[in-house]
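The first residue of the sequence shown is numbered 1, and numbering continues consecutively from there.
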Amino acid sequence: EALIAEVRRIVAGRETIRLAPWLSSGKIHSDFDVDEAYAACQRSALGDEVLNTIAGAARAGIRSAAITVGGSMGATSRRILRRLGVPPEAITYYLDGEDPRFHRVGEIGGENFGADVGKAEVCANTGAPEKLLSGEVQIVLLWDPDGDRLNIMTTAPAAISGRAAEFGLALGPEDGRRVVVYLTPNQLYFLLLDYRIQLMRKSGLLEKYNWFVGTTFPTAMAIEELARKEGLATIRVPVGFRNLGDLCRSVEEKMGAPQVFTTLTGKQVRLGPAPRVMMLCEESGGAALGGPELMRSRTGRQNFLALREKDGMQLALLAWAAAAALIREGTSMGERYCDLVEKRGIEFRYSKRLDVPLYDEQLEGEALAKARSAGIETRDRVVAFFRDAATELAQAGKDGESVRRKMLQAGPAGAALPAIHGAAWVGDGSLFEMEGAQLVVRASGTDALIRYYVEATSVEGMSALEKFAHGIRV
């Protein structure tokens, strides 16, 4: 409240906020160019094959585009691509003029979804589907305004439609021959993890280091399944990329000898003496990659497994190369996703985040204050209910059936839940491991929402969890 009041005071008084001076002002005595250091970092982490694949795709006539929704990545990505030697003609930009309303891509049907490129509704409103179906482009990269999140859109044969539904893929418009494929962040990470593992295996680096994957608890279990089948350790941490950064810091401090990391669920994960980051990712759309060579500080005193922040530019380069490689093979990301899930025997095929609003943020004045107060009370009750249920099972070793019955009593009439095998309070939310399903419940850290992250091995399991989440009354 105090921050809001201060911002309003500043705006009402039309005060001047003095920013840092330009280099030409003579007040900056020392500076350095971050672009070259950043580009070098990307070359080291991604390897030559990723960049060569991108350049080769352009020479082969594969048409790629970037949609930056009026944010920072129009100018920034051009500079970085130039540093990396990617020819300008390799990619065409759309919606790249800076715009404080982000070209209204999130303003749909009277609602504002934000410029969240992880949402199919927003991706569909960028003009990308039309460009893909017309053949104007074959690959579309979409950055959010500040460039820390990335999505990609491609097409697949229209005949994939039935199979896509079976594997949980969302499809857009079609022209009878091709259909637009929307990937969730989880599905994109799944594909990119597989692609990166294959690159590392081809180069001989997969066996040379002890690669691991870092995820947050709500991130799709399918990613952990794939990593496990490839012999890679997965470490899960609470929501927030800072926690993935802390994970890396903890691992870095003990490199050179085998180490054991214990997660908040009590699971012990063993890492070898030469750990390297295959991927760090969180469900909301942020990810980063490490490389075979450790990153080093300017002074050389510190070594890093990976950058401490999500990196949409890095992810874009890997996704661009993966999509281009598949097109040259005569297939698509949609087809590859279905094949991979099927051939690797992935069980957790279905995942979804359900956002349940606590109050209407469009209200004003006293109505907003009352709604906010009631919403905060609801939030606290819901979080406490699930936290108590999770800790009751985790600490008391209580039968999961009694906890399941307690949860069902708070759900809608006719709701069903699978048997609960384990539960834990995982930092800022509650995790329930069920028969063929998983549920994570937490309050959003940025919006007036309760978030239910539901996963299941079947459509029926997903439907049951969705019905339960939408009808919670505590």
Side-chain angles (χ1 to χ4, degrees), residues 168 186 216-221 236 238-240 263-267 283-284 348-361 363 368 370-474:
N186 280 326
T216 55
F217 283 104
T219 304
M221 287 294 295
R236 302 171 78 191
V239 170
T263 72
L264 290 177
T265 62
K267 179 182 178 181
E283 176 275 342
S284 62
F348 281 86
R349 299 181 178 187
Y350 308 97
S351 65
K352 185 180 291 187
R353 187 181 81 191
L354 307 175
D355 292 342
V356 178
L358 291 166
Y359 60 89
D360 184 358
E361 295 183 89
L363 295 173
L368 176 59
K370 287 182 178 179
R372 182 188 294 120
S373 178
I376 290 171
E377 289 181 8
T378 300
R379 177 199 66 192
D380 293 345
R381 284 198 308 272
V382 172
V383 170
F385 172 80
F386 285 105
R387 182 183 62 232
D388 291 347
T391 54
E392 180 180 339
L393 181 58
Q395 294 176 0
K398 207 166 185 177
D399 180 9
E401 180 58 24
S402 64
V403 173
R404 188 181 78 91
R405 287 197 298 269
K406 177 180 178 180
M407 290 169 60
L408 281 173
Q409 288 173 1
L417 285 176
I420 300 175
H421 300 313
W425 173 253
V426 288
D428 71 343
S430 301
L431 166 70
F432 298 90
E433 296 171 334
M434 303 172 172
E435 184 68 33
Q438 177 177 279
L439 171 67
V440 177
V441 184
R442 59 181 290 272
S444 168
T446 56
D447 301 295
L449 304 166
I450 292 290
R451 288 188 162 143
Y452 297 87
Y453 305 84
V454 297
E455 292 190 71
T457 59
S458 68
V459 173
E460 295 76 17
M462 274 292 292
S463 297
L465 284 175
E466 287 185 65
K467 180 178 179 180
F468 171 75
H470 280 303
I472 285 291
R473 297 291 182 271
V474 296

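- Here the side chain of S373 pairs no donor or acceptor atom with the backbone of K370 at under 3.5 angstrom.
- In this structure D428 satisfies the side chain to side chain donor-acceptor pair (under 3.5 Å) test together with R442, sequence neighbours excluded.
- A donor-acceptor contact shorter than 3.5 Å links the side chain of E455 to the backbone of M221.
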Check the pair L354, F468 against side-chain contact (heavy atoms from CB on, under 4.5 Å), reporting the backbone distance first and the verdict last.
-> CA-CA 11 Å; L354 307 175; F468 171 75; over 6 Å; no
Would you sort out whether R236 and K267 count as a side-chain contact (heavy atoms from CB on, under 4.5 Å), showing the intermediate values?
-> CA-CA 9 Å; R236 302 171 78 191; K267 179 182 178 181; over 6 Å; no
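- Formation of a donor-acceptor pair under 3.5 Å by the R404 side chain with backbone atoms of L417 is found in this model.
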Working for side-chain contact (heavy atoms from CB on, under 4.5 Å), residues I376 and L358 = CA-CA 7 Å; I376 290 171; L358 291 166; over 6 Å; no
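- Atom NZ of K406 has more than 12 heavy atoms from other residues, nucleotides or ligands within 6.0 Å.
- Between the side chain of T219 and the backbone N or O of E283, at least one donor-acceptor pair lies under 3.5 Å.
- Looking at S351, its side chain never comes within 3.5 Å of a backbone N or O of A220 through a donor-acceptor pair.
- Looking only at side-chain heavy atoms (C-beta outward), D355 and S444 stay at 4.5 Å or farther from each other.
- Considering only residues two or more places apart in sequence or on other chains, R379 meets the salt bridge (charged side-chain N to carboxylate O under 4.0 Å, His left out) condition with none of them.
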Before giving the answer on side-chain contact (heavy atoms from CB on, under 4.5 Å), spell out for L264 and F217 the whole-Å C-alpha distance, their side-chain angles and the decisive distance to 0.1 Å.
-> CA-CA 10 Å; L264 290 177; F217 283 104; 4.1 Å; yes
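- The side chain to side chain donor-acceptor pair (under 3.5 Å) analysis of residues 381-390, with sequence neighbours excluded, yields the pairs T378-R381.
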